[in-house]
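To start, the structure itself, in C-alpha cells.
Because the structure is a prediction, the values reported are computed rather than measured. Hydrogens, waters and symmetry mates play no part in the numbers below; they use all other heavy atoms, side chains included.
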Amino acid sequence: MINFNVPPYVDTAMDYIKECIANQKICGDGKYTKECNKWLEEKTKTRKALLTTSCTHATELAAILADIQPGDEVIMPAYTFVSTADAFVLRGATPVFVDIRPDTMNIDEKKIERAITEKTKAIVPVHYAGVACEMDTIMDIATRHNLIVIEDAAQGIMSTYKGKALGTIGNFGALSFHETKNYSMGEGGALLIRDEKDVEDAEIIREKGTNRSKFFRGQIDKYTWVNLGSSYLPSDMNAAYLYSQLEIADEINNQRLDNWNRYYKNLEELKDAGKIELPVIPEGCVHNAHMFYIKAADIEERSALIAFLKERGIMSVFHYIPLHTAPAGIKFGRFDGEDEYTTKESERLARLPMYYGLKPEEVDMICETIKEFYK
Ligand SMILES: *Cc1c(COP(=O)(O)O)cnc(C)c1O
C-alpha cells in the first residue's frame with residue numbers, strides 16, 4: 001500500500017529528544033526552539049521568527065497583533081483550511097470569502113478590491129500547495145487601503161515569490177509544521193514578523209501576555225502581565241524533532257521536487273490529451289513540492305478515480321469543502337461576488353501521495369495506475 005502521507009522523520013531526532021530529556025529541558029524556548037527560530041530567520045531573511053504550537057496559533061497570534069476587533073472584516077479565499085478563518089472569528093471578526101483562480105487555486109487578486117468595505121482590516125492570502133499568491137498586486141491593494149496582510153504560509157516553507165520567502169512579504173506570516181507538512185514537529189508552526197515594531201508585542205502575546213522574554217534576556221529584573229495573550233510556545237522536544245529535519249532541509253526539499261517533477265513528466269501525456277489538468281506554477285514563483293494534485297473532469301470522475309486508486313492500494317485524497325458552504329462559514333462569514341471557480345475547481349481536485357521517503361518507482365506505479373483509469 002502507498003500511504004497518502006508519511007510524517008517526515010530523520011534519525012538525529014531521537015538523539016536530540018533524548019538530550020532534551022536527559023538535561024531536563026523540555027519546556028518552551030529551549031536550545032532547539034532557539035535553533036529553529038534562528039534557522040527560520042536566516043532561511044527566510046525575515047526580521048523575527050517565533051516557533052508556535054501550530055500554524056492556527058500563529059495566525060491567532062497575528063490576529064491579536066493586528067488588533068482585529070469585533071465587527072472587523074478580513075478578506076481571504078473561500079478555498080482554504082478552516083484555521084485561516086477561525087483565527088479571526090475568535091476575535092469577533094467576519095471572514096469575507098473571495099473566489100479563487102482556477103490555475104493556482106489561490107485567491108483571485110483581481111476580485112479582492114471589490115470586497116473591501118470601511119470595515120475591512122486585513123487580507124489573508126493563502127499560498128496553496130506552496131505556490132505563491134500574486135503578492136505584488138495584493139501588497140499594492142493593502143497599501144492603498146491601509147490594510148494589514150497576514151500570509152497563511154502553512155504550506156509555504158522553502159517557497160519564494162520573486163525571490164522572497166513566503167510568509168515574509170506581508171506584515172505577518174504563519175507557517176505550519178503539522179505532520180502533513182514538508183517539515184514537521186507533530187503539531188507546531190511559526191510566526192514570521194516582518195517589522196521590528198511588532199517583535200516585542202509578539203513575544204508578549206506568545207508568553208501569556210507577559211514580558212518574560214525580556215526578563216530572560218536580562219532587560220528587566222522582574223516579569224509581569226502586560227497585555228492580552230495566550231500560551232503559544234511549543235515544548236523543546238517538539239522543536240528538537242523539527243530541527244533534525246531543518247538541518248537537512250534542502251535534501252528533503254530536493255527529493256520532494258524530484259518526485260513532483262516525475263509526477264508531472266509521467267502525467268503530461270494525459271494533460272496533453274485533455275483528460276486531466278496539472279498544477280500551474282506562475283512565473284516568478286519557486287515552489288516546494290508541498291503537494292501534487294491533478295484535476296479530473298468533475299466530482300463524479302474524481303470520486304471514481306480516488307476509488308480506483310484505493311482498490312489498487314494507493315491512497316489519494318481531496319480536501320477543503322469551500323468555507324462559505326460549510327455550516328460555520330455560513331454562520332460567521334460571507335462570500336463576496338460570484339462563486340465562479342471555488343466550488344467547481346475544488347470538486348475536481350485529487351491529491352496524490354507526496355512525502356519524504358516516497359520512492360520514484362512508487363511515483364511511476366501511481367502514474368501508471370492513473371493512466372490505466374483513463375484508458
Ligand atoms: C495545515 C494548514 C493550516 C493549519 O496548520 P496547523 O499547524 O495544523 O494549525 C492552516 N492553513 C493551511 C492552508 C494549512 O494547509
Side-chain angles (χ1 to χ4, degrees), residues 3-14 16-17 20 26-44 46 48-62 80-84 86-87 126-130 150-160 165-168 172-193 202 206 230-256 287-291 319 351 354-358:
N3 282 310
F4 169 69
N5 178 58
V6 176
Y9 171 74
V10 176
D11 279 336
T12 47
M14 203 68 92
Y16 296 169
I17 291 170
C20 293
I26 61 171
C27 70
D29 280 342
K31 170 182 161 185
Y32 287 104
T33 304
K34 288 191 181 113
E35 289 289 355
C36 290
N37 290 346
K38 194 167 127 239
W39 187 94
L40 288 167
E41 282 159 14
E42 283 167 7
K43 187 77 196 171
T44 68
T46 198
K48 187 81 189 169
L50 294 170
L51 224 53
T52 58
T53 30
S54 66
C55 174
T56 307
H57 280 168
T59 314
E60 282 180 32
L61 216 170
T80 181
F81 189 55
V82 296
S83 302
T84 319
D86 260 334
V126 179
H127 304 295
Y128 185 72
I150 299 164
E151 298 175 66
D152 182 333
Q155 306 175 5
I157 182 79
M158 305 294 275
S159 295
T160 55
L166 301 191
T168 68
F172 306 107
L175 304 177
S176 176
F177 301 117
H178 184 258
E179 71 166 34
T180 53
K181 302 303 199 288
N182 293 24
Y183 308 97
S184 174
M185 52 198 279
E187 301 282 351
L191 180 70
L192 304 183
I193 303 156
R206 179 170 167 273
S230 190
S231 187
Y232 291 130
L233 66 167
S235 161
D236 214 45
M237 286 194 290
N238 295 60
Y241 187 90
L242 175 66
Y243 190 63
S244 66
Q245 296 155 48
L246 296 183
E247 283 187 312
I248 59 155
D250 285 322
E251 183 189 322
I252 294 174
N253 197 48
N254 289 337
Q255 191 199 81
R256 295 184 75 107
H287 74 107
N288 59 358
H290 172 61
M291 196 189 292
H319 66 168
R351 299 174 60 184
M354 175 59 86
Y355 51 85
Y356 178 56
L358 178 68

Any donor-acceptor N or O pair under 3.5 Å, side chains Tyr232, Glu60: yes
Distance (rounded to the nearest 0.5 Å) between Gln245 CD and Ile157 CD1: 11.5 Å
OG1 on Thr180 to CE on Met354, rounded to 0.5 Å: 13.5 Å
Any donor-acceptor pair under 3.5 Å from Asn288 side chain to Asn182 backbone: no
Short side-chain to backbone donor-acceptor contact, Ser235 and Ile26, under 3.5 Å: yes
Polar contact flag, side-chain donor to acceptor under 3.5 angstrom, Tyr16-Glu35: no
Distance, nearest 0.5 Å, that separates CD1 of Ile17 from CG of Asn238: 7.5 Å
Heavy-atom pair of closest approach, residues Ala62 and Ile150: CB-CG2, 3.8 Å
Salt bridge flag under 4.0 Å for residues Lys43 and Asp250: yes
Minimum-distance pair of heavy atoms, taken over all atoms of Ala13 and Tyr241: CB-CD1, 3.9 Å
Residue pair Tyr356 / Arg256: nearest heavy atoms and the distance that separates them: N-NH1, 4.1 Å
Derivation and outcome, side-chain contact (heavy atoms from CB on, under 4.5 Å), residues Leu61 and Leu50: CA-CA 11 Å; Leu61 216 170; Leu50 294 170; 5.6 Å; no
Close side-chain approach of His127 and Ser159, heavy atoms under 4.5 Å: no
Donor-acceptor contact below 3.5 Å, side chain Ser184 vs main chain Lys181: no
Shortest non-hydrogen separation from Ala190 to Phe177 and the atoms involved: CB-CE1, 3.9 Å
Shortest non-hydrogen separation from Gly130 to Leu166 and the atoms involved: O-CD1, 4.0 Å
Under 3.5 Å donor-acceptor, Asp236 side chain and Lys31 backbone: yes
Check: Arg206 side chain, Leu233 main-chain N or O, donor-acceptor pair, under 3.5 Å: no
Spacing of CG belonging to Leu192 relative to OG1 belonging to Thr44, to within rounding of 0.5 Å: 5.0 Å
Whether Thr59 side chain and Thr84 backbone form a donor-acceptor pair below 3.5 Å: no
Polar side-chain atom of Thr56 near backbone of Ser83 as donor-acceptor pair, under 3.5 Å: no
Polar side-chain atom of Glu151 near backbone of Gly173 as donor-acceptor pair, under 3.5 Å: no
Working for side-chain contact (heavy atoms from CB on, under 4.5 Å), residues Glu179 and Tyr9: CA-CA 10 Å; Glu179 71 166 34; Tyr9 171 74; over 6 Å; no
Sidechain-backbone polar pair: Glu187 side chain, Thr53 backbone, donor-acceptor under 3.5 Å: no
Reported SG-to-CZ distance for the pair Cys55 and Phe81, which is rounded to 0.5 angstrom: 9.5 Å
Side-chain donor/acceptor of Gln155 to backbone N/O of Tyr128, under 3.5 Å: no
Thr168-Thr46 side chain donor-acceptor pair, cut-off 3.5 Å: no
Approximate separation, where rounding is to 0.5 Å, of Leu175 CG and Met158 CE: 12.0 Å
Shortest non-hydrogen separation from Cys20 to Met237 and the atoms involved: CB-CG, 4.0 Å
